[in-house]
Amino acid sequence: MENINYTCNDERTFSMLCHLSALSGLIIPFGHIIVPLVIWLLKKDEFPEVYRQGKAALNFQLSLTIYSIIAGILVIILVGFVLLGAIFLFGLIMTIVASVKSSNGERFEYPLSINLIN
């Protein structure tokens with residue numbers, strides 16, 4: 001991972017919030033996509049790193065949603081229950097890691113993320 005020279009603390013804070021706000025999905029339906037999207041749309045033109053980190057966070061959350069839908073279908077053959085649990089834990093851990101890395105001024109790239117937003 002590479003260190004980034006942020007121009008101000010606000011850029012670092014909003015970059016971190018792009019990742020951390022995905023946890024709102026634990027409370028708000030589709031909050032894992034809507035809240036990071038709103039932060040990204042509001043700040044992407046103001047801060048270049050928020051543009052990059054917000055896009056990465058959204059791509060990861062959309063990827064997790066796709067994986068969860070597939071696992072939900074696989075519940076029919078019972079393997080989906082294990083996959084849903086694994087996807088949940090993976091998403092939670094990667095979101096926290098990305099938030100910490102971004103807060104420390106490091107760029108984080110999510111594993112298994114589909115690049116849906118270019």
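Residue indices begin at 1 and follow the sequence shown. Scope of the values below: all heavy atoms of this structure, side chains included, with no hydrogens, waters or symmetry mates.
Pairs passing the side-chain hydrogen bond (donor to acceptor under 3.5 Å, both in side chains) check and including a residue from residues 67-92, sequence neighbours excluded, do not occur.
With Glu11 contributing its side chain and Glu49 its backbone, the two residues share a donor-acceptor pair below 3.5 Å. No donor-acceptor pair under 3.5 Å is formed between the side chain of Ser102 and the backbone N or O of Ala98. Ser103 places no side-chain N or O within 3.5 Å of a backbone atom of Met16 that could act as its donor or acceptor partner.
Val82 and Ile66 fall into different hydrophobic clusters, where Ile, Leu, Val, Met, Phe, Trp and Tyr are joined by side-chain heavy atoms under 4.5 Å apart, directly or via other members. The same ILVMFWY cluster, assembled from side-chain heavy atoms under 4.5 Å apart, contains both Leu78 and Val75. Leu20 and Phe30 end up in different hydrophobic clusters when Ile, Leu, Val, Met, Phe, Trp and Tyr side chains are linked at under 4.5 Å.
Residues Arg107 and Lys101 are not in side-chain contact: their nearest non-hydrogen atoms beyond the backbone lie 4.5 Å or more apart. Taking 4.5 Å as the limit, some side-chain heavy atom of Leu26 sits within range of a side-chain heavy atom of Phe88. At least one side-chain heavy atom of Leu74 sits under 4.5 Å from a side-chain heavy atom of Ile77. You'll find the side chain of Lys55 stays beyond 4.5 Å of the side chain of Cys18, heavy atoms only. Within the 4.5 Å cutoff, side-chain heavy atoms of Asp10 are placed close to those of Phe47.
Here the OG atom belonging to Ser99 is positioned 11.0 Å from the CG atom belonging to Asn104, to the nearest 0.5 angstrom.
Scanning both residues, Ala57 and His19, for their nearest heavy atoms gives CB-ND1, 3.7 Å. In terms of heavy-atom proximity, Asn59 sits nearest to Ile117 at OD1-N, 2.6 Å.
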Ile96 and Ile93: CA distance, side-chain angles, deciding distance, side-chain contact (heavy atoms from CB on, under 4.5 Å) verdict | CA-CA 5 Å; Ile96 292 169; Ile93 292 167; over 6 Å; no
When you look at Ile114 and Leu62, which way does the side-chain contact (heavy atoms from CB on, under 4.5 Å) test go after all the steps?
-> CA-CA 8 Å; Ile114 303 169; Leu62 288 169; over 6 Å; no
Atom pairs and distances, side-chain donor-acceptor, residues 34-46, under 3.5 Å, sequence neighbours left out:
{"unit_1": "Trp40", "atom_1": "NE1", "unit_2": "Tyr51", "atom_2": "O", "d": "3.0"}
{"unit_1": "Lys43", "atom_1": "NZ", "unit_2": "Glu46", "atom_2": "OE1", "d": "3.2"}

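Relative orientation of the Tyr110 and Phe108 rings is perpendicular, given thresholds of 30° and 60° on the angle between their planes.
Legend: residues meeting side chain to side chain contact (heavy atoms under 4.5 Å, CB included) with Phe90, ordered by chain and number and at least two apart, are Phe60, Leu64, Met94, Pro111, Leu112.
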